[in-house]
Amino acid sequence: MIEVFRNIQAQLNETPHLLRLGRLFSETVLIEVGQDQIYLTFERGQLVEVIPGPSRKTPWRFAFRTDAEALEKFWQPVPEAKFHDIFGLVTIGRGKIDGDILCLVKNLRFFKEVMALARPAREVAA
Amino acid sequence: MSIESITGRYVTITVEGAPRRIYFEEAGQGRAVVCLHTAGADTRQWRHLMNDAEITANNRLIAFDMPWHGKSFPPEGFETQEYMLTTEAYMETILALIDALDLDRPVLSGCSMGGRIGLQLAALRPEKFSGFIAIEASDFQPAWYDIDWFDRPDAHGGEMGAALVSANISPYAPKAERENTLWMFKQSGPGIFRGDLSFYTRDDSLISRLGDIDTAQTPVHIIVGAYDLTCTPQDAKRTADAIAGATLAVMDELGHFPMSEHPVGFRPFFVDALSKMPSQG
């Protein structure tokens with residue numbers, strides 16, 4: 001799972017509009033996928049560190065907790081309903097958000113688009 | 001170059017004892033269909049259908065910006081008021097607009113909060129309409145978010161609102177229309193989305209009125225998208241089940257803003273809905 005987030009890290013750093021969108025975002029986010037914990041540390045929109053947990057010494061601003069199967073569905077090119085958005089996962093009990101939710105909401109487009117970087121672009125029918 | 005057939009004008013009506021200058025658009029001829037936009041948006045959500053020559057051949061589609069929305073100014077003194085839409089003011093606005101335009105029992109077609117108020121009018125003022133198309137509409141949903149997030153001096157409520165409602169747009173929606181749909185939220189005035197949501201997420205008075213709706217006099221057709229997290233197919237079905245004679249269509253590949261986010265996907269559902277309405281008021 002951590003490899004997916006390292007790929008997201010590489011993609012984000014090549015996505016200028018997201019770097020601009022996140023230019024005021026310098027926070028650490030905890031991603032929990034089943035038993036795995038991953039800390040994403042952002043500095044001015046750049047994802048500077050992707051560190052495996054667990055860690056009791058790493059403070060985080062907010063956390064997104066889900067499971068591997070839900071994330072796999074979330075990352076499909078055309079996700080099924082409820083799996084198409086992190087809030088969709090929350091509404092069906094497959095996702096949970098903890099911590100400073102207002103911080104997430106203020107940076108919601110940025111965070112959602114970063115999370116969706118692992119979703120391959122769907123092919124548009126001719 | 002082609003000039004669209006949509007025309008826009010202004011009319012001043014009275015709501016809550018004070019004037020409201022309302023921007024409205026129309027296209028087509030024949031049966032009048034009044035189209036209501038969602039929370040935090042404006043008439044542009046309806047532009048695709050209003051530019052559909054087959055639909056407007058026999059239907060006069062009329063959409064208007066609610067006060068505080070789009071090109072309809074807030075009332076004088078708004079700068080010291082907290083905008084909070086109420087069921088009463090919303091109904092009064094629609095009824096005043098219908099009277100001002102001298103419409104005889106139009107079909108009322110509303111999306112989201114527009115669908116909700118449509119069902120309120122179906123229960124309370126059915127004599128003013130010939131039928132109701134309620135899109136992404138249901139009896140009541142409490143907010144799964146904090147509506148106060150969207151009206152803050154330290155953040156852009158429109159940007160946050162757009163990011164929130166993007167959760168309700170289907171991945172089948174064309175990218176350009178997804179972004180156009182979100183743009184309207186980004187453009188909405190400070191506190192407007194919150195004030196609309198106050199109506200949508202706190203007023204549950206429709207629940208007890210659903211049984212009063214007489215679909216033999218005014219048909220009710222509810223349409224809902226599977227990707228809508230706010231008004232889910234389950235919400236819409238519960239609502240349709242509570243209205244004797246109401247019909248329901250579920251759109252597997254659409255979300256909460258179907259006429260705006262995916263007009264091609266929505267078109268057949270809207271045409272079907274129109275076919276269920278009386279041909280003339």
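Note on naming: letters A, B, ... go to the chains in the order of the sequence lines (proteins, then strands), and numbering restarts at 1 for each one.
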Novice: Most heavy-atom pairs under 4.5 angstrom with chain B, which of Val90(A), Val105(A), Thr91(A)?
Specialist: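 The candidate making the most pairs under 4.5 Å is Val105(A).
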
Novice: Is Asp252(B) close to chain A through its backbone or its side chain, or both, or neither, when contacts mean heavy atoms under 4.5 Å?
Specialist: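 No part of Asp252(B) comes within 4.5 Å of chain A.
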
Novice: Within a radius of less than 6.0 Å around CD of Gln234(B), do more than 12 heavy atoms belonging to other residues, nucleotides or ligands occur?
Specialist: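 It does: Gln234(B) CD has more than 12 such atoms within range.
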
Novice: Quick one, Tyr145(B) and Phe87(A) - any side-chain contact, counting heavy atoms below 4.5 Å?
Specialist: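 No, their side chains stay 4.5 Å or more apart.
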
Novice: If you draw a 6.0 Å radius around CZ in Arg6(A), do more than 12 non-hydrogen atoms from other residues or ligands fall strictly inside?
Specialist: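 Yes, CZ of Arg6(A) has more than 12 neighbouring heavy atoms, counting only those of other groups under 6.0 Å.
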
Novice: Just so I understand: if I count every heavy-atom pair under 4.5 Å between each of Arg109(A), His84(A), Glu80(A) and chain B, which residue has the most?
Specialist: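 Most heavy-atom pairs within the cutoff with chain B belong to His84(A).
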
Novice: Please find the pair of heavy atoms, one from Pro171(B) and one from Pro79(A), that lie closest to each other, and give the distance.
Specialist: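 Of all heavy-atom pairs spanning Pro171(B) and Pro79(A), the closest is CG-O, 3.7 Å.
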
Novice: Give a yes or no on whether Lys186(B) atom NZ has more than 12 heavy-atom contacts from other residues, nucleotides or ligands under 6.0 Å away.
Specialist: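 Yes, NZ of Lys186(B) has more than 12 neighbouring heavy atoms, counting only those of other groups under 6.0 Å.
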
Novice: Considering only heavy atoms from C-beta outward, does the side chain of Lys82(A) approach that of Thr232(B) to under 4.5 Å?
Specialist: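 Yes, close enough: below the 4.5 Å cut-off.
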
Novice: Kindly indicate whether the side chain of Leu102(A), heavy atoms from C-beta on, has any atom under 4.5 Å from the side chain of Arg152(B).
Specialist: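 The answer is yes, as the side chains (C-beta and beyond) meet within the 4.5 Å cut-off.
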
Novice: Kindly determine whether Val78(A) and Glu253(B) satisfy side chain to side chain contact (heavy atoms under 4.5 Å, CB included), including the steps that lead there.
Specialist: CA-CA 10 Å; Val78(A) 182; Glu253(B) 297 185 357; over 6 Å; no

Novice: Please flag which part of Lys112(A) lies under 4.5 Å from any non-hydrogen atom of chain B: side chain, backbone, both or neither.
Specialist: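 It is the side chain, since no backbone atom gets that close.
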
Novice: Other residues, nucleotides and ligands only: do more than 12 of their heavy atoms fall within 6.0 Å of CH2 on Trp183(B)?
Specialist: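 Open.
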
Novice: Does the side chain of Ile101(A) reach to within under 4.5 Å of the side chain of Trp149(B), using non-hydrogen atoms?
Specialist: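 Of all side-chain heavy-atom pairs linking Trp149(B) with Ile101(A), at least one is under 4.5 Å.
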
Novice: With a 4.5 Å heavy-atom cut-off (strictly below), which parts of residues 159-170 of chain B touch chain A? List them by number.
Specialist: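 The residues closer than 4.5 Å to chain A, in numerical order, are Met160(B), Ala163(B), Leu164(B), Ser166(B), Ala167(B), Ile169(B).
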
